[in-house]
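Read the structure below first, then the notes.
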Amino acid sequence: MSEATKPVVKDVTTMAAPVSLKFRARAGKDLSRFLRGMKERRIVGRVCPSCNYVYVPPRGACPTCGCPMGDERVLPETGTITTFCIVNIPFEGQKLKPPYVCASVLLDGADVALFHLVGGCDVNDVRMGMRVRAEWVDEADAELSLETIRYFVPTGEPDRPLAQIREHI
Amino acid sequence: MQQPIDGVLEAPYVMEYTYRRSLGPVMSAFFTALRDGRLLGARTASGKLVVPPLEWDPETGAAIAGLEPVAEEGVVTAATWVAAPEARHLLQEPFAYALIQLDGASTAMLHAVACASLEACPVGTRVKLVWSESRTGSLRDIRCFEPVK
Ligand SMILES: [Zn+2]
């Protein structure tokens, strides 16, 4: 082997030092109902009987009032972006190619925002107050997962004024 | 995702940080040597041989005087039994985790000893290093130690 074709053996200068914690997670009763709703491509929330706040995903107790939550409520698939960020940095395990948008989406009739992705438009067009709608995966691909909503896409409706959503940011 | 009879969903949940750390000049030389099938220790100013090497003399905090080759045989100074190895362990058969003081070394290093039972690996047992067939520059380049017949 000539000098030129000899493989260069480099020094070892780094080592993999992963930290891994393996859990078995239980969703709890309310989140289980929410996830079953996802499989049927329905968004299930729950109403507090005391303050009338609608939580989605639902919870067992109202975090504000402390009382057990009341009726279940199926929410529409439309909502408003309250806050968002553009993800520009790649990281391990990432499912989408940057840049993409993560947003808090306040579904119509809900009082807390759902954290999800925004797609179907240029990342630079996303703004607070923008109207969006859930884009579902195909029925056959629906799972017990929030990923059954692929992402939220702009509806093209006029933005909601910030004053109307400020309370929910 | 599983659906247990009480209606509450369950799923595996793994939290993982895929860190990679830089080694610095001393540990880089140690791991490069491991990859090349050689074990190095750190010689301190007072003449002790620290294995595996440290970057600094643990007694004085001074930089080590240098790295040098270490014998591949030594003696067990403490051991415990791993009856049910997990996937992350070095060996998939039950084995002993042992502190092994290599000949000439001033300290003991922790590694696996392949043996039939803890009784087969009492304190004082002489063991020798077994290299892994494929080495990448990690402590796993030492496959294990085994008792000297
Ligand atoms: Zn309430």
Side-chain angles (χ1 to χ4, degrees), chain A residues 6-46 56-61 68-69 72 89-95 98 115 137 140-149, chain B residues 1-42 52-55 66-67 69 84-90 109-111 131-132 134-142:
Chain A
K6 204 180 271 181
V8 179
V9 180
K10 292 195 173 126
D11 282 356
V12 178
T13 56
T14 64
M15 68 178 280
V19 177
S20 181
L21 298 167
K22 294 190 171 71
F23 298 96
R24 186 145 194 94
R26 273 170 73 78
K29 278 184 187 163
D30 283 82
L31 201 50
S32 294
R33 290 192 70 95
F34 174 80
L35 293 170
R36 288 210 171 80
M38 280 290 121
K39 194 163 171 64
E40 294 163 13
R41 302 196 295 180
R42 284 187 308 133
I43 307 170
V44 177
R46 222 172 156 190
V56 59
R59 299 158 178 260
M69 291 291 260
E72 239 174 54
I89 298 169
F91 54 85
E92 194 155 326
Q94 198 170 33
K95 290 185 176 169
F115 195 64
V137 300
D141 297 329
E143 302 226 28
L144 295 160
S145 161
L146 194 52
E147 288 178 25
T148 296
I149 297 175
Chain B
M1 197 172 301
Q2 285 183 0
Q3 301 199 32
I5 30 182
D6 65 0
V8 172
L9 297 168
E10 254 185 59
Y13 182 77
V14 180
M15 187 146 66
E16 191 169 45
Y17 300 96
T18 52
Y19 294 129
R20 174 165 285 276
R21 53 163 287 190
S22 55
L23 293 169
V26 173
M27 299 318 282
S28 177
F30 171 69
F31 282 107
T32 302
L34 277 185
R35 183 198 62 195
D36 299 339
R38 292 178 301 120
L39 183 61
L40 299 181
L54 293 172
E55 292 161 301
L67 292 167
E86 294 176 10
R88 64 195 166 94
H89 281 121
L90 297 157
M109 67 182 279
L110 182 70
H111 218 285
W131 292 103
S132 295
S134 67
R135 295 189 301 271
T136 58
S138 98
L139 216 51
R140 287 172 180 268
D141 292 348
I142 300 173

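In what follows, chains carry the letters A, B, and so on, assigned in the order in which the sequence lines appear, proteins first and then strands, with residues in each chain numbered from 1.
- Heavy atoms of B:Ser138 lying under 4.5 Å from chain A are absent altogether.
- Rounded to the nearest 0.5 Å, atoms CZ (B:Phe30) and CE (A:Met15) are 10.0 Å apart.
- Between atom OG1 of residue A:Thr14 and atom CZ of residue B:Phe31 there is a gap of 10.5 Å, rounded to the nearest 0.5 Å.
- In plain terms, the two heavy atoms of A:Ser32 and B:Gly7 that are nearest each other are CB-O, 3.7 Å.
- Residue B:Tyr13 qualifies as open at atom OH: its count of foreign heavy atoms under 6.0 Å is 12 or below.
- Heavy atoms from other residues, nucleotides or ligands lying under 6.0 Å from CD of A:Glu143 number 12 at most.
- When the candidates B:Glu16, B:Arg20, B:Arg35, B:Arg88 are compared by the number of heavy-atom contacts under 4.5 Å with chain A, B:Arg20 comes out ahead.
- Contact of the A:Arg36 side chain with the B:Leu9 side chain is registered, since non-hydrogen atoms from C-beta on lie closer than 4.5 Å.
- Taking both residues in full, the closest heavy atoms of A:Ala17 and B:Arg21 are given as CB-CG, 4.1 Å, listed atom of the first, atom of the second, then distance.
- Remark: side-chain polar atoms of B:Ser28 are paired, donor with acceptor, to backbone N or O of A:Val12 under 3.5 angstrom.
- No more than 12 heavy atoms of other residues, nucleotides or ligands shown are found within 6.0 angstrom of CD1 on A:Ile89.
- A 6.0 Å sphere centred on OH of B:Tyr17 holds no more than 12 heavy atoms belonging to other residues, nucleotides or ligands.
- Of the listed residues (A:Ala27, A:Gly93, A:Ala25, A:Gly28), the one with the most heavy-atom contacts under 4.5 Å to chain B is A:Ala25.
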Does the pair B:Val14 and A:Phe23 meet the rule for a side chain to side chain contact (heavy atoms under 4.5 Å, CB included), with working shown? CA-CA 6 Å; B:Val14 180; A:Phe23 298 96; over 6 Å; no
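- At least one side-chain heavy atom of B:Thr32 sits less than 4.5 Å from a side-chain heavy atom of A:Asp11.
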